[in-house]
Structures are given as structure tokens and as C-alpha cells.
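What follows is a short report on a single structure.
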Amino acid sequence: MSFDIIKGMATTLKNMGKKPTTVSYPEQERELPPRFRGRHVLHRYDNELERCVGCYLCAGACPADAIYIEAEENTEENRVSPGERYAKVFDVNMLRCIFCGYCQAACPTGAITLEHTYKLASYYPEDLVYHKEQLLEPKGQATVGSNTVWTEPPPPEAAQPIPQESHVFDGSQASSAAVGLGNLRTEEPMLLTDEEQDEDRRMLQKKEE
Ligand code: SF4
Ligand code: SF4
């Protein structure tokens, strides 16, 4: 028996008694963390009016350009939201969405949240553009969605910022938001020798010094 086979058998034996780290999806499903971001939901107030006031802030905040809105004025005969306007068209393109949650954070009325639905597969790309009719809560079922879990303080084991001055990765977990700009020297002037040429010449200058 070659050494590689013995090594392989040893690894198999070592792991035989261990609990599997995988689950047999779709029969079994993992319990998701409360702040998991899945498919969007548009919310209503208890009086059935839509929370969305068609302000476009979510679309403006979206880094993936995944939200398309057409707003329309509310009238006394057709009042859809409590604001001046409502979203006549509200589409979220799931093929573009990166589930960052910026749209939820930007919304001033708590109208849009990301929830725990993650089964979004389809054979047809057009099925993955969700329209308002699919996203909006049914009448009589007003909820505030995952907004509640984001107002609570994060658990102590959540990502902590990397110490910026140590210049050493100490094993801490960190989100990109926590890291911020890191040690990048943003105050340093850009030394362009040619206005037409959009090139950063700092390295060049350092070498010359
Ligand atoms: S979760 Fe992020 S990428 Fe997706 S629609 Fe909202 S802002 Fe855009
Ligand atoms: S979901 Fe919120 S942020 Fe987006 S248009 Fe509606 S009210 Fe404005």
C-alpha cells in the first residue's frame, strides 16, 4: 500500500466519528442568523397604506443599481401611501443585488427590508426581477420585518474593527465598514505631471527622491 493511500485512510478514520458540518438540503435547512439578508419585502402600515413614499433613496443608495422605481402622486381618490407620492412601479433585480442591505438602511419609512427568504433560483432571468406585486405584504398582514433586529445592539462576538495603528492582522474579524479606509493616506496630494493623463505619480516621485 502506498504512503498516499495510508495517509488518506488515516484522514478518513480521523473524521469518521465527527458530526457532519454539512446539512442535507433541501430535506434539512440551516437555522439562519437573525440578521441574515435574503429577499426583499415591501411593508405596509396597520391601516393598509403602503410605507413606501416613492422617494428613490433606496435606489440611490443601491451600489448595484438593482432597484427601479416609478413614483406617482397620491390623490384623495387614490391614496396609496401617507406621503405625497407612492411607488407605482417598484422592481428589484435579484441578478444584480448583492444583498448589502443599503436600501433597507437608506429607507426613511422602514418600507423595504431584507428577510430570510433565500430560495431565489430560476431557469429564466426575467423571473428574477421581482415586481412590487411580489414584494409587497398582503393587506391585513402589516409587519416591520427585520428592522427590529437591526435596532438591537450587535452581539459581542460580532465583527470588531481591526486596530488601525498596529499594521498587523491580529486575527480579529472585521467588516469592510469597520475597516473603513484603513491606513490609506488620503491627505497626500496626487502629483499629476500630465493633466490629460489620469495617473497617480506618487510612486514615481518616491523613486526619484
Ligand atoms: S440589498 Fe444592496 S444591492 Fe440589493 S437592492 Fe438593496 S442596496 Fe441594492
Ligand atoms: S422603499 Fe423607502 S427609500 Fe425606497 S422609495 Fe420607498 S420610501 Fe423611499
Side-chain angles (χ1 to χ4, degrees), residues 29-155 158-159 161 173-182:
E29 288 187 32
R30 280 193 197 284
E31 195 185 325
L32 299 171
R35 292 182 173 191
F36 177 88
R37 298 191 190 105
R39 207 202 82 168
H40 307 65
V41 170
L42 289 175
H43 296 277
R44 290 180 187 274
Y45 291 103
D46 289 336
N47 62 4
E48 298 188 350
L49 286 178
E50 294 172 15
R51 281 179 178 263
C52 177
V53 291
C55 68
Y56 294 89
L57 282 175
C58 54
C62 178
D65 203 10
I67 301 178
Y68 176 78
I69 301 168
E70 281 177 25
E72 188 132 306
E73 299 285 322
N74 281 302
T75 60
E76 282 319 308
E77 299 77 50
N78 181 35
R79 175 153 293 280
V80 181
S81 80
E84 281 177 26
R85 296 183 296 173
Y86 69 99
K88 189 178 171 205
V89 177
F90 198 112
D91 294 343
V92 182
N93 187 339
M94 292 296 166
L95 294 169
R96 300 193 70 123
C97 178
I98 54 169
F99 301 93
C100 62
Y102 283 8
C103 49
Q104 178 169 348
C107 182
T109 62
I112 187 165
T113 63
L114 279 78
E115 299 299 325
H116 279 192
T117 307
Y118 59 85
K119 296 170 192 174
L120 307 174
S122 170
Y123 286 112
Y124 307 103
E126 58 272 26
D127 290 350
L128 290 166
V129 178
Y130 287 100
H131 305 296
K132 181 182 166 182
E133 299 69 35
Q134 295 157 281
L135 299 166
L136 189 63
E137 282 178 330
K139 285 187 176 173
Q141 292 182 26
T143 68
V144 293
S146 63
N147 277 325
T148 48
V149 297
W150 289 98
T151 53
E152 291 163 12
Q173 285 184 312
S175 65
S176 56
V179 174
L181 289 173

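All values reported here derive from a predicted model rather than from experimental measurement. Atoms within each ligand, like the ligands themselves, are counted from 1 in listed order.
- Residues Val144 and Arg51 share a closest heavy-atom pair of CG1-NH2, 3.6 Å.
- Residue-level proximity to ligand 1 for His40 is carried by the side chain, the only part with a heavy atom below 4.0 angstrom.
- Proximity of Phe99 to Met94: side-chain heavy atoms (C-beta onward) are separated by under 4.5 Å at one or more points.
- The tally of protein N/O/S atoms under 2.8 Å from atom 8 (Fe) of ligand 2 stands at 1.
- Atom numbering of ligand 1 starts at 1 in the shown order; those under 4.0 Å from a heavy atom of Ile67 are 5 (S).
- Residues Ser81 and Asn74 form a side-chain contact, since some pair of their non-hydrogen atoms from C-beta on lies under 4.5 Å apart.
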**Asked** Could you walk me through whether Val41 and Glu137 pass the side chain to side chain contact (heavy atoms under 4.5 Å, CB included) check?
**Response** CA-CA 7 Å; Val41 170; Glu137 282 178 330; 3.8 Å; yes

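- For atom 2 (Fe) of ligand 1, the count of nearby protein N, O or S atoms, meaning those under 2.8 Å away, is 1.
- A salt bridge does not link Lys132 to Glu70: none of the charged side-chain nitrogens sits closer than 4.0 Å to a carboxylate oxygen.
- A salt bridge is absent between Glu115 and Arg37; no separation between the charged side-chain nitrogens and carboxylate oxygens falls under 4.0 Å.
- A cation-pi arrangement, defined by a distance under 6.0 Å to the six-membered ring centre and an angle within 45 degrees of its axis, is present between Arg39 and Tyr130.
- The contact set between ligand 1 and Leu114, taken as ligand atoms under 4.0 Å from a residue heavy atom, comprises 1 (S).
- Using a 4.0 Å heavy-atom cutoff, Arg96 is absent from the residues neighbouring ligand 1.
- Side-chain contact check for Pro63 versus Ile98: some heavy-atom pair is nearer than 4.5 Å.
- By the 4.5 Å heavy-atom criterion applied to side chains, Pro125 and Leu95 are counted as neighbours.
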**Prompt:** Which is it for Glu29 and Tyr118 under the side chain to side chain contact (heavy atoms under 4.5 Å, CB included) test, yes or no, and what are the steps along the way?
**Reply:** CA-CA 11 Å; Glu29 288 187 32; Tyr118 59 85; 3.0 Å; yes

**Request:** Apply the test side chain to side chain donor-acceptor pair (under 3.5 Å) to residues His43 and Thr143: give CA-CA distance (whole Å), side-chain angles for both, the deciding distance (0.1 Å), then the verdict.
**Result:** CA-CA 6 Å; His43 296 277; Thr143 68; 3.2 Å; yes

